[in-house]
Amino acid sequence: MTQRHIELHQFPGGICPPTQKALSTSRPIAYPPLAKQLILPIQQHTGMPGRVLVKVGEQVKKGQMLVDAQLPMSVAVHASTSGIITAIDEHWVPHPSGMKDMCIFLEPDGLDESVEYQGYENYLETNPTKLLECIRASGISGLGGAGFPTDIKLKASKIETLIINGAECEPYISADDMLMRERSEDILQGILILLKLTKADVCLVGIEDDKPQAIFAMKQALEKDKDDDTHRVNIVEVPTRYPSGGEKQLIKILTGKEVPSGKLPASIGVLCQNVGTAYAVHQAVALGRPLVSRITTLAGGALSTPMNLEVPLGTPIGHLLEYTGLHQEQLEQLIIGGPLMGFPVKTTSIPITKISNCILATKQGELSTPEQARPCIRCGYCTDVCPAQLLPQQLYWFSTAQEWQKAESHNLFDCIECGACAYVCPSEIPLVQYYRFAKGEIRQDRAATEKSDRARERFEFRNQRIEREKVARAARRQARANTDTKVLSEKPHAKPMDKQPLRSAGAIGDVESESIQSLLVDEAALEAINKKIRMMEDRVGKARERYEMALSDGLDTASALKRALDKQETKLTTLLSERERMMSHSDPAEGKET
């Protein structure tokens, strides 16, 4: 099949460190034995945690859903094998802060018994809505590192170019390389499904030119496939330069377009997905298999046999290190991720998650050991290599001085934390650590401000409600007083008893009952609408929280969440107006004679 010519462009900055991938690509993908215990974090993605569906002591099967995607930005989690749920508790998870999070502990029974998988045989002819539901139910999030919910990302409109990221530019990591070599046909089918869902005009599969075997395998799969949409797929070799695998950098290389600051690629008609994500989409849609494992690179000089493994999610990294032959006496650093964007860990009980692409066990002297940071000499090297065209030196000063507003105004959140600035810094300043800290502090400040604003709004709503209810009660008391006065004023002019038509006691009681019943109906209606208003105020607060969180993180769903918020606020305004109308009316008993 003839490939169209794609003009390549150059992104600013970047570095060319040694790749160090040969050892882990010298063996095919292997399958480690099951660990004695699997630890599955409830949240393994960017967004909100889902709802736990299982209880301690429950027997589960492989592929059974343990956590559902209840919220728009949540992702389902499934059992990686069959066994018993032994605990649901906090445990260390892969995170730069070394934090703990809620996890499900699964003890395998050794049977590896699965639920019944059911995919779509004619998936390229299946309704897109059903395909998106399948992807969501299968718990697929981006496998390239960010972990963004895939079904949410695929709902972006007006996508012209679909980019499949196979660059894998960071040293040591070769998971995507081996996946393309061994499972290129499944990846291609996943790409065709993504093309169907995005309706993109063209798909560009970007692979660095230091992966000739992966490029050959993908081109061969494309030649074999006879689907009508394969003419839209192009395998493109890109120059080996770090960080060419960054989303915005790869878009620049392949299309020449730049994603505006604070915007997403969808704003310029581009959507990026990782090759691992495309493979997972095919497994889910065609075979009905949820995401319960991933390819992870085990590399570093402290390992006897560096290789790539297909690892059940939740496997402790200590189990994998033992399988690949860790020499504990040689170990200097244990890193989750690559040497530039990864982070060190101190315990081997941390589990593999959906975004764990590499475990790096380095021996002494393998990586340059950071010396004590020295004062900045203002050499400008960090600025020269920054692929996001930021000013790392200024960001460092603002971060150390805790001047968060200035750091944010200098586009701190455009930093992709690639580590190129720290790599070239002659003063050994861990710049990325300062940027991560500053981002965390800014997010905490935002969350605290939003929480305070919501509390203030609820307080003001409550005060307004109490004041309106006081006015309404006073009006009803005045109305009843006016009624009593009117009755008394008419009594002296009444006709003589013997000439008045007599009213039975039952008739008098009926009038009084009718008046009291009217008052009770009014009070009940007012209480009912007050209850609705309180519920709607709570919904508005939650909707505003989800929208502002999506907006601050630059998520595709921000516009949809804003529309939902506007709808809830409109309902609240309608209810408030209805209550004002009810309270402005006079008492139902007013004007009636008793």
Side-chain angles (χ1 to χ4, degrees), residues 9-21 46 94-96 142-148 163 165-176 206-208 210 238-254 258-259 261-262 264-265 272 274 297 299 333 335-344 355-358 360 367-368 370 379-396 399 407 410-440 553-554:
H9 304 79
Q10 178 66 47
F11 67 87
I15 55 178
C16 296
T19 58
Q20 302 288 356
K21 297 174 185 278
T46 298
H95 195 273
L143 301 185
F148 196 92
I163 291 180
N165 191 342
E168 198 171 44
C169 57
E170 191 166 3
Y172 287 93
I173 307 176
S174 57
D176 290 346
I207 309 174
E208 281 192 331
D210 66 343
V238 300
T240 300
R241 185 174 181 82
Y242 181 81
S244 61
E247 184 177 63
K248 294 181 179 180
Q249 286 68 43
L250 190 58
I251 291 172
K252 175 67 176 178
I253 292 172
L254 295 176
E258 293 189 7
V259 180
S261 175
L264 296 174
C272 285
N274 178 262
T297 302
Q333 289 189 78
I335 300 171
I336 292 184
L340 293 169
M341 296 189 71
F343 52 88
I355 58 175
S356 303
N357 58 356
C358 180
L360 184 58
L367 297 179
S368 59
C379 62
Y381 292 164
C382 56
T383 303
D384 295 338
V385 301
C386 179
Q389 294 183 288
L390 303 177
L391 298 173
Q393 191 181 87
Q394 278 76 6
L395 292 175
Y396 162 65
S399 299
H410 278 69
N411 300 320
L412 171 66
F413 283 92
D414 285 347
C415 171
I416 62 173
E417 301 178 16
C418 66
C421 54
Y423 182 81
V424 300
C425 179
S427 296
E428 301 285 347
I429 300 173
L431 295 167
V432 176
Q433 294 184 25
Y434 286 100
Y435 305 153
R436 285 175 179 164
F437 172 75
K439 288 179 181 180
D553 291 339

Side chain to side chain contact (heavy atoms under 4.5 Å, CB included) evaluation trace for T19 with D210: CA-CA 9 Å; T19 58; D210 66 343; 3.7 Å; yes
Measuring from atom [atom1] of [X] to atom [atom2] of [Y], what distance do you get when rounded to the nearest 0.5 angstrom?
{"X": "I173", "Y": "N357", "atom1": "CD1", "atom2": "CG", "answer": "4.0 Å"}
{"X": "E168", "Y": "I207", "atom1": "CD", "atom2": "CD1", "answer": "10.5 Å"}
{"X": "C358", "Y": "I336", "atom1": "SG", "atom2": "CD1", "answer": "10.0 Å"}
{"X": "I15", "Y": "C169", "atom1": "CD1", "atom2": "SG", "answer": "9.5 Å"}
{"X": "C382", "Y": "Q394", "atom1": "SG", "atom2": "CD", "answer": "8.0 Å"}
{"X": "D176", "Y": "N165", "atom1": "CG", "atom2": "CG", "answer": "7.5 Å"}

[X]: partners by side-chain hydrogen bond (donor to acceptor under 3.5 Å, both in side chains), with sequence neighbours left out:
{"X": "H9", "value": "none"}
{"X": "D414", "value": "S261"}
{"X": "K252", "value": "E258"}
{"X": "Q10", "value": "none"}

Derivation and outcome, side chain to side chain contact (heavy atoms under 4.5 Å, CB included), residues T383 and L391: CA-CA 6 Å; T383 303; L391 298 173; 4.2 Å; yes
Closest non-hydrogen atom pair, [X] against [Y]:
{"X": "G147", "Y": "I355", "value": "CA-CG2, 3.6 Å"}
{"X": "P17", "Y": "L340", "value": "CG-CD1, 4.3 Å"}
{"X": "G342", "Y": "E170", "value": "N-OE2, 4.0 Å"}
{"X": "Q393", "Y": "Y435", "value": "N-OH, 4.5 Å"}
{"X": "P387", "Y": "I416", "value": "CG-CD1, 4.1 Å"}

Side-chain heavy atoms of V259 within contact of L264, under 4.5 Å: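 Answer no - side chains too far apart.
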Student check: side-chain heavy atoms of P243 and F11 closer than 4.5 Å: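 Side-chain contact under 4.5 Å: yes.
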Suppose we screen for side-chain contact (heavy atoms from CB on, under 4.5 Å). Which residues come up paired with [X], at least two apart in sequence or across chains?
{"X": "P426", "value": "I377, C379, Y381"}
{"X": "I335", "value": "Q333, L360, L367"}
{"X": "A422", "value": "none"}
{"X": "Q20", "value": "P18, Y172"}

Residue list, ring-ring contact (aromatic ring centres under 6.0 Å, His included) with F343, at least two apart or on another chain: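 F343: no ring-ring contact (aromatic ring centres under 6.0 Å, His included) contacts found.
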Any residue meeting ring-ring contact (aromatic ring centres under 6.0 Å, His included) with Y434, in chain and number order, not counting sequence neighbours: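 With sequence neighbours excluded, Y434 shows a ring-ring contact (aromatic ring centres under 6.0 Å, His included) to Y396, given in chain and number order.
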Stepwise side chain to side chain contact (heavy atoms under 4.5 Å, CB included) test for L250 and I163: CA-CA 8 Å; L250 190 58; I163 291 180; 3.8 Å; yes
Audit row: C415, K439, side chain to side chain contact (heavy atoms under 4.5 Å, CB included) steps and yes/no: CA-CA 10 Å; C415 171; K439 288 179 181 180; 4.0 Å; yes
Selection residues 240-249 - residue pairs positive for side chain to side chain donor-acceptor pair (under 3.5 Å), sequence neighbours left out: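 Residue pairs with at least one partner in residues 240-249: K153-E247, E208-S244, D209-T240.
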